[in-house]
S.K.: 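I have a structure here, written as structure tokens, and I will follow up with some questions on it.
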Amino acid sequence: MGRYQDMHLIPVFGDWYVDAIGKMDIEDWKAAQGRKVERGEYSPHTVNGWLSILFTTLREAVEDLHLERDPTRKVELPRHVGVEHVHG
């Protein structure tokens, strides 16, 4: 696992089963990161990178594990995230 996941995703989602992560869990994490951006702790670009890693990881798990539900499906993307970047 890379250092980004270790520092910013694993502390929140690391002990969860993939099928236990829901849309609101992702929205809550995203809101917490947005507050850090507002305080100047991180840049939007940095947080967008983490969001991209989270989306990619969860979507691959949904596909690989044949899960019925994709927790990223209806997550609202921040205005500064390009849809092609997160979905592509």
Side-chain angles (χ1 to χ4, degrees):
M1 236 334 116
R3 70 183 171 110
Y4 299 112
Q5 296 95 320
D6 290 346
M7 292 172 43
H8 304 287
L9 299 175
I10 301 264
V12 177
F13 298 110
D15 291 334
W16 296 38
Y17 289 105
V18 174
D19 61 352
I21 298 172
K23 175 186 180 283
M24 288 309 303
D25 302 313
I26 298 169
E27 292 286 1
D28 289 347
W29 176 85
K30 190 180 71 173
Q33 302 317 305
R35 289 188 293 275
K36 291 177 183 179
V37 168
E38 289 173 358
R39 291 192 302 260
E41 294 177 37
Y42 300 113
S43 74
H45 178 76
T46 297
V47 173
N48 290 345
W50 301 335
L51 186 60
S52 179
I53 291 168
L54 179 62
F55 271 47
T56 299
T57 302
L58 291 175
R59 288 178 176 167
E60 286 180 8
V62 166
E63 185 176 320
D64 291 348
L65 301 174
H66 307 285
L67 301 177
E68 294 181 22
R69 178 181 63 81
D70 178 354
T72 68
R73 185 170 173 264
K74 292 189 178 183
V75 172
E76 293 184 28
L77 302 175
R79 290 181 208 175
H80 49 273
V81 174
V83 173
E84 65 281 349
H85 177 67
V86 172
H87 295 284

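Position 1 is the first residue of the sequence, and the numbers go up from there. Here the structure is a predicted model, which means the values were calculated and not measured.
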S.K.: What distance do T72 atom OG1 and I26 atom CD1 have between them, rounded to the nearest 0.5 Å?
M.R.: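 So the OG1 of T72 and the CD1 of I26 are separated by 6.0 Å.
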S.K.: Does the R69 side chain pair with the main chain of D19, one donor and one acceptor, at a distance under 3.5 Å?
M.R.: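 Side chain of R69 to backbone of D19, a donor-acceptor pair under 3.5 Å: yes, one is there.
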S.K.: Hey, what do you get for CD (E60) to CG (L65), rounding to the nearest 0.5 Å?
M.R.: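 CG of L65 is found 11.0 Å from CD of E60.
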S.K.: To the nearest 0.5 Å, what is the distance between CD (Q33) and CZ (R35)?
M.R.: 8.5 Å
S.K.: Hey, what do you get for OG (S43) to NZ (K36), rounding to the nearest 0.5 Å?
M.R.: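 Going from the OG atom of S43 to the NZ atom of K36 covers 13.5 Å.
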S.K.: Is E27 salt-bridged to K23, cutoff N-O under 4.0 Å?
M.R.: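 Salt bridge present between E27 and K23.
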S.K.: First locate atom CD of E41, then atom OG1 of T46, and finally report the distance between them rounded to the nearest 0.5 Å.
M.R.: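 One finds 12.0 Å between CD of E41 and OG1 of T46.
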S.K.: Taking only residues two or more places apart in sequence or in another chain, which ones pass side chain to side chain contact (heavy atoms under 4.5 Å, CB included) with D28?
M.R.: M24
S.K.: Does the D25 side chain pair with the main chain of G22, one donor and one acceptor, at a distance under 3.5 Å?
M.R.: yes
S.K.: Hey, could you give me each pair passing salt bridge (charged side-chain N to carboxylate O under 4.0 Å, His left out) that has a residue in residues 48-57? Not counting sequence neighbours.
M.R.: none
S.K.: Please answer: with hydrophobic residues joined when any side-chain heavy atoms are less than 4.5 Å apart, are W29 and Y17 in the same cluster?
M.R.: no
S.K.: Which distance, rounded to the nearest 0.5 Å, do you find between the CZ of F55 and the CG of N48?
M.R.: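 Rounded to the nearest 0.5 Å, the CZ-CG separation comes to 10.5 Å.
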